[in-house]
Amino acid sequence: MNAVFTLNKAKIRQSFGAASASYDTVARLQRTVGRQLLKTGRLCGVSGTILDLGCGTGFLTAGLLQFTRVEHVLALDMALPMLQKTRQRLKGATAVSYLCADAEHLALAPDSMDRIFSNLALQWCRDLPTVFSACRTILKPGGALVFSTFGPQTLGELKQAWAQVDTCNHVNAFYEANELIRFLTAAGFTGIQLETRCLRPAYPSVLALMQELKAIGARNAANGRNKQITSKRQMQQMIAAYPESEREAIYATFEVISVLARVPE
């Protein structure tokens, strides 16, 4: 797979900005993964200056501020409305600052961060090798990058169903675990620990799944997507092709890859 995905960043920024008001009401999977990421943080030690890369509405930021040895957290997101939600959530917190910026253009000083955390945000980057190289640069010796992202099995059922309708890309592509390891190693990280697990939440219908994806801003932003308005007939065909279950619900697979990568002392 090519190391550079062809994602429309302007579309991504717009989608997440529009979803800022509804995000917290539906982001149950993101919170579940974020809690696990905080547990991973405890294992590697969380102290000093922390960057929350792709902070969204600030769920992970708030958790990072609870670590007693944390001196400062920089909450960064490319969507300004998301960053504003984080500011509202953490109103009164003095150990946090905010930066509206793209993870693929990190203009931060070298050796300025002790830890970088990122919860289900890096899958929206087109060029992860460049992102990892930038993270390596801004981390201090002995620092660590702790992140979660989606793997290629994510939304496989939805991808399979749309494949019965047309040949367009209706689901974004995701990097495989071995690619992440290769990119991190090339960037200079060591002691890489990686865990992959598949979560399969239930939804009352395919439409409910798609509505939730829209509410968190996770719209398809890949080139090759269908730029025409999906017809009612096409939508019905897709729903009919979606894998059924024995219960009165449908399931969607989310392959979550959690990573801890260290910077040499």
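We number each residue from 1, following the sequence as shown. Quick caveat: nothing in here was measured; it's all calculated off a predicted structure.
You'll find the side chain of Arg136 reaches within 4.5 Å of the side chain of Pro264, heavy atoms only. Using a 4.5 Å heavy-atom cutoff, the side chains of Leu37 and Val146 are in contact. Taking 4.5 Å as the limit, every side-chain heavy atom of Glu195 sits out of range of all side-chain heavy atoms of Val256. For the pair Tyr242 and Trp162, the minimum side-chain heavy-atom distance is 4.5 Å or more. Using a 4.5 Å heavy-atom cutoff, the side chains of Glu104 and Arg126 are in contact. Proximity of Cys198 to Gln153: side-chain heavy atoms (C-beta onward) are separated by under 4.5 Å at one or more points. Contact of the Ile257 side chain with the Leu194 side chain is registered, since non-hydrogen atoms from C-beta on lie closer than 4.5 Å. Looking at heavy atoms from C-beta onward, Ile50 lies out of side-chain contact with His72 at the 4.5 angstrom threshold.
Expressed to the nearest 0.5 Å, how far CD1 of Ile239 lies from CD of Gln236 amounts to 7.5 Å. Atom-to-atom distance recorded for Lys214:NZ and Leu209:CG is 14.0 Å, nearest 0.5 angstrom. Between the CG atom of Leu99 and the CG atom of Leu83 there is a distance of 7.5 Å, given to the nearest 0.5 Å. Note that OG1 of Thr137 is 9.5 Å distant from CG of Leu106, once rounded to the nearest 0.5 Å. Here NE2 of His170 is found 8.0 Å from OG1 of Thr167. Values are rounded to the nearest 0.5 Å. Going from atom CG of Leu199 over to atom CD of Glu255 covers 10.0 Å, rounded to the nearest 0.5 Å.
Across every non-hydrogen atom of Gly54 and Asp77, the tightest pair is C-OD2, 3.4 Å. When every heavy atom of Asp114 is checked against every heavy atom of Gly48, the shortest pair comes out as OD2-CA, 3.4 Å. Closest approach of Ala144 and Leu260 over heavy atoms only: CB-CD1, 3.9 Å. For Leu53 against Ala121, the heavy-atom pair with the smallest separation is O-CB, 3.8 Å. Nearest heavy atom pair, residue Asp166 against residue Cys168, reads OD1-N, 3.1 Å. For the pair Phe67 and Leu38, the tightest heavy-atom approach, listed with the atom from each and the gap, is CZ-O, 3.7 Å.
Residue Arg200 places its CZ atom among more than 12 non-hydrogen atoms of other residues, nucleotides or ligands, all under 6.0 Å distant. Residue Gln14 places its CD atom among 12 or fewer non-hydrogen atoms of other residues, nucleotides or ligands, all under 6.0 Å distant.
There is a side-chain donor-acceptor pair under 3.5 Å between Thr149 and Gln123. In the model, Glu157 has a side-chain atom that pairs as donor or acceptor with a side-chain atom of Thr253 under 3.5 Å.
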### Task
List the steps and the verdict of ring pair (Phe, Tyr, Trp, His ring centres under 6.0 Å) for Phe183 and Tyr175.
CA-CA 10 Å; Phe183 298 159; Tyr175 287 112; 5.3 Å; yes

### Task
Just do the salt bridge (charged side-chain N to carboxylate O under 4.0 Å, His left out) check on Arg28 and Glu212 with the steps written out, would you?
CA-CA 10 Å; Arg28 49 178 178 160; Glu212 179 172 302; 3.7 Å; yes

#### Entry: From CA spacing to verdict: side-chain contact (heavy atoms from CB on, under 4.5 Å), Leu184, Thr190
CA-CA 8 Å; Leu184 288 164; Thr190 60; over 6 Å; no

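A tilted orientation is assigned to the rings of Phe150 and Phe254, their planes being inclined by 30° to 60°.
Asp111 and Lys140 are not joined by a salt bridge, as no carboxylate oxygen comes within less than 4.0 angstrom of a charged side-chain nitrogen. For Asp24 and Arg89, the salt-bridge test passes: some basic side-chain N is under 4.0 Å from an acidic carboxylate O.
Hydrophobic clustering places Leu60 together with Tyr98 (ILVMFWY residues linked when any side-chain heavy atoms are closer than 4.5 Å, directly or through intermediates).
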